[in-house]
Chemist: 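The structure follows.
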Amino acid sequence: MAATTSSTQGWAQLRQQARSLETQTEMLLHTYAQFSNQTNIPPKPTEEERHTETKLRELLDKRESVISHLTRLLTSDPSPSALKQNNLSLLRDKLSDHRRDLSRLRSTLDSARTRANLLGSVRDDISAYRAANPEQGEADYMLDERGRLDRSHEVADSVLSQAYAVQDSFASQRERLAHINRRITLAASQVPGINTLITRISARKRRDGIIMGSFIAFCFLMFWFFS
């Protein structure tokens, strides 16, 4: 009974330690990810970057050791619970995820540093060439300006083309509506009695309008007379 209690306490303490190491690892991974997001990535790893990576690897190794100890405890338990097995599996999966994250971030940082070094080298070469050939540098500047102007003209032409297309679309729709109106009018004129019906409806509307206007005027006069 005492051995079981000791084993349970040891399991709880080791699991708590593993969770604490997980939290520390996640915080350092977040810090490590910021190195690849810098505007100006240094050509070589800084002392802080190397220290962070070293600390991350140490944490991952510590977690590996703790998980191994937990595995031995679980194996020695004559009746391990499903909850403990599930917790151990989660700790292993999280450790694998963090190892992959570190590898991915290391690769991303290396690629970003290589790209930054390449761009810096190209800029240095261009600056050196222009310093050695000032006339050619002036010509390149004029060509760059000409390219920017051409791109501005292309954007303006594109906007104008879209405006003309919209105008043509409106004109086409207006012509289509006019054509539909003419067809409706023609069809109505060919139906027997439709013109008479339309005339009666119009006359009835005018009559109803006159009656309503007269009623409103009468009410107004009565209100004015008795007020």
Side-chain angles (χ1 to χ4, degrees), residues 1-132 137 140-141 144 147-148 151 155:
M1 181 68 178
T4 303
T5 303
S6 177
S7 175
T8 302
Q9 291 176 348
W11 171 274
Q13 292 174 355
L14 286 173
R15 181 174 178 274
Q16 184 177 2
Q17 182 181 359
R19 291 291 298 156
S20 175
L21 292 173
E22 271 187 13
T23 303
Q24 296 177 44
T25 304
E26 290 173 349
M27 293 174 62
L28 278 181
L29 283 173
H30 177 73
T31 301
Y32 192 70
Q34 303 306 312
F35 293 115
S36 61
N37 297 328
Q38 299 178 84
T39 305
N40 296 318
I41 298 179
K44 294 182 179 180
T46 61
E47 182 65 28
E48 183 183 4
E49 179 184 334
R50 288 195 297 267
H51 175 74
T52 302
E53 183 175 354
T54 301
K55 185 64 176 177
L56 275 169
R57 296 191 184 281
E58 291 176 353
L59 285 172
L60 293 174
D61 291 340
K62 286 181 181 179
R63 289 168 61 187
E64 184 73 39
S65 176
V66 172
I67 290 174
S68 297
H69 197 170
L70 285 169
T71 303
R72 288 193 297 270
L73 284 177
L74 192 64
T75 304
S76 62
D77 192 342
S79 56
S81 66
L83 178 61
K84 288 184 178 180
Q85 294 176 353
N86 184 56
N87 289 336
L88 183 59
S89 177
L90 291 175
L91 291 173
R92 286 172 177 165
D93 292 342
K94 198 69 173 180
L95 176 61
S96 299
D97 291 342
H98 285 168
R99 288 193 184 278
R100 283 193 297 269
D101 290 341
L102 177 58
S103 177
R104 175 180 55 81
L105 290 173
R106 174 76 265 177
S107 178
T108 301
L109 183 55
D110 288 341
S111 299
R113 175 167 286 114
T114 301
R115 184 168 58 253
N117 290 340
L118 179 60
L119 290 175
S121 177
V122 170
R123 283 194 293 266
D124 292 341
D125 291 341
I126 292 175
S127 298
Y129 175 77
R130 288 179 174 176
D140 291 341
Y141 173 77
D144 291 341
R148 282 191 284 269
R151 287 191 292 272
V155 171

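All of these numbers come straight from a predicted model, not from anything done at the bench.
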Chemist: Could you state the interatomic distance from CD1 (Ile67) to CG (Leu95), rounded to the nearest 0.5 Å?
Modeler: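 The CG atom of Leu95 is 4.5 Å from CD1 of Ile67, to the nearest 0.5 Å.
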Chemist: What closest approach, in Å, do Trp11 and Asn87 show between heavy atoms, and which atom pair accounts for it?
Modeler: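 Heavy-atom minimum between the residues: CZ2-CB, 4.4 Å.
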Chemist: Counting heavy atoms not belonging to Gln16, are there more than 12 under 6.0 Å from its CD?
Modeler: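 Counting other residues, nucleotides and ligands, CD of Gln16 stays at 12 neighbours or fewer.
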Chemist: Donor-acceptor pair, distance only, cut-off 3.5 Å: does the side chain of Ser76 make one with the backbone of Leu73?
Modeler: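 Present.
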Chemist: Between atom OG1 of Thr31 and atom CD of Glu26, what is the distance when rounded to the nearest 0.5 Å?
Modeler: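 The distance works out to 12.0 Å.
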Chemist: Holding to side-chain hydrogen bond (donor to acceptor under 3.5 Å, both in side chains), I want the full list of residues that pass it with Asp110, two or more places apart in sequence or in another chain.
Modeler: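 By the side-chain hydrogen bond (donor to acceptor under 3.5 Å, both in side chains) rule, Asp110 matches Arg106.
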Chemist: Looking at Leu88 and Thr71, what are the two nearest heavy atoms and their distance?
Modeler: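 For Leu88 and Thr71, the tightest heavy-atom pair comes out as CD2-OG1, 3.7 Å.
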Chemist: Are Arg99 and Glu64 close enough for a salt bridge, meaning some N to O gap below 4.0 Å?
Modeler: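 Yes.
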Chemist: Name all residues meeting the side-chain hydrogen bond (donor to acceptor under 3.5 Å, both in side chains) criterion together with Glu22; count only those two or more places apart in sequence or in a different chain, and write none if there are none.
Modeler: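 Partners of Glu22 by the side-chain hydrogen bond (donor to acceptor under 3.5 Å, both in side chains) criterion, ordered by chain and then number, come out as Arg19.
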Chemist: Grab the two heavy atoms, one from Leu105 and one from Ala33, that are nearest each other, plus how far apart they are.
Modeler: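 Closest approach of Leu105 to Ala33, heavy atoms only: CD2-CB, 3.8 Å.
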Chemist: Short question: side chain of Arg63, backbone of Leu21 - any donor-acceptor pair under 3.5 Å?
Modeler: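 Judged by distance alone, no pair lies under 3.5 Å.
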Chemist: Looking only at heavy atoms, which two atoms of Thr25 and Leu59 are closest? And how far apart?
Modeler: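 Between these two residues, the closest heavy atoms are OG1-CB, 3.7 Å.
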Chemist: Looking at Asp97 and Lys94, is there a salt bridge between them, counting it only when a charged N and a carboxylate O are closer than 4.0 Å?
Modeler: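 Result for this pair is no, no salt bridge flagged.
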Chemist: Counting distance only, does the side-chain N/O of Ser96 pair as donor-acceptor with the main-chain N or O of Arg92 below 3.5 Å?
Modeler: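 Between the backbone of Arg92 and the side chain of Ser96 there is a qualifying donor-acceptor contact (under 3.5 Å).
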Chemist: Where do Glu53 and Glu48 land on the side-chain contact (heavy atoms from CB on, under 4.5 Å) test, with the steps shown first?
Modeler: CA-CA 9 Å; Glu53 183 175 354; Glu48 183 183 4; over 6 Å; no
Chemist: So Gln85 and Ser89, do their side chains get closer than 4.5 Å, heavy atoms only?
Modeler: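 No, too far: nothing below the 4.5 Å cut-off.
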Chemist: To the nearest 0.5 angstrom, please state how far the CD atom of Glu47 sits from the OG1 atom of Thr52.
Modeler: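 It comes to 9.5 Å.
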Chemist: Nearest 0.5 Å please: distance from the CG atom of Asp101 over to the CG atom of Leu28.
Modeler: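 Answer for the CG-CG pair, Asp101 versus Leu28, is 13.0 Å.
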Chemist: Is any side-chain heavy atom of Leu109 closer than 4.5 Å to a side-chain heavy atom of Tyr32?
Modeler: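 Sidechains of Tyr32 and Leu109: in contact.
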Chemist: How many angstroms lie between CD in Gln13 and NE2 in His69, if you round to the nearest 0.5 Å?
Modeler: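 If I round to the nearest 0.5 Å, the distance is 10.5 Å.
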Chemist: Once rounded to the nearest 0.5 Å, what's the spacing between atom CD of Gln24 and atom CE of Met27?
Modeler: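 Nearest 0.5 Å value for the CD-CE distance: 8.0 Å.
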Chemist: Where is the tightest heavy-atom contact between Lys84 and Asp77, given as atom of each residue plus distance?
Modeler: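 So the minimum-distance heavy-atom pair works out to NZ-OD2, 3.9 Å.
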Chemist: Less than 4.0 angstrom from a charged side-chain N to a carboxylate O is my criterion; do Lys62 and Glu58 meet it?
Modeler: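 No.
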Chemist: Quick check against the 3.5 Å criterion: does Thr46 have a side-chain atom that pairs as donor or acceptor with the backbone of Pro42?
Modeler: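 Absent.
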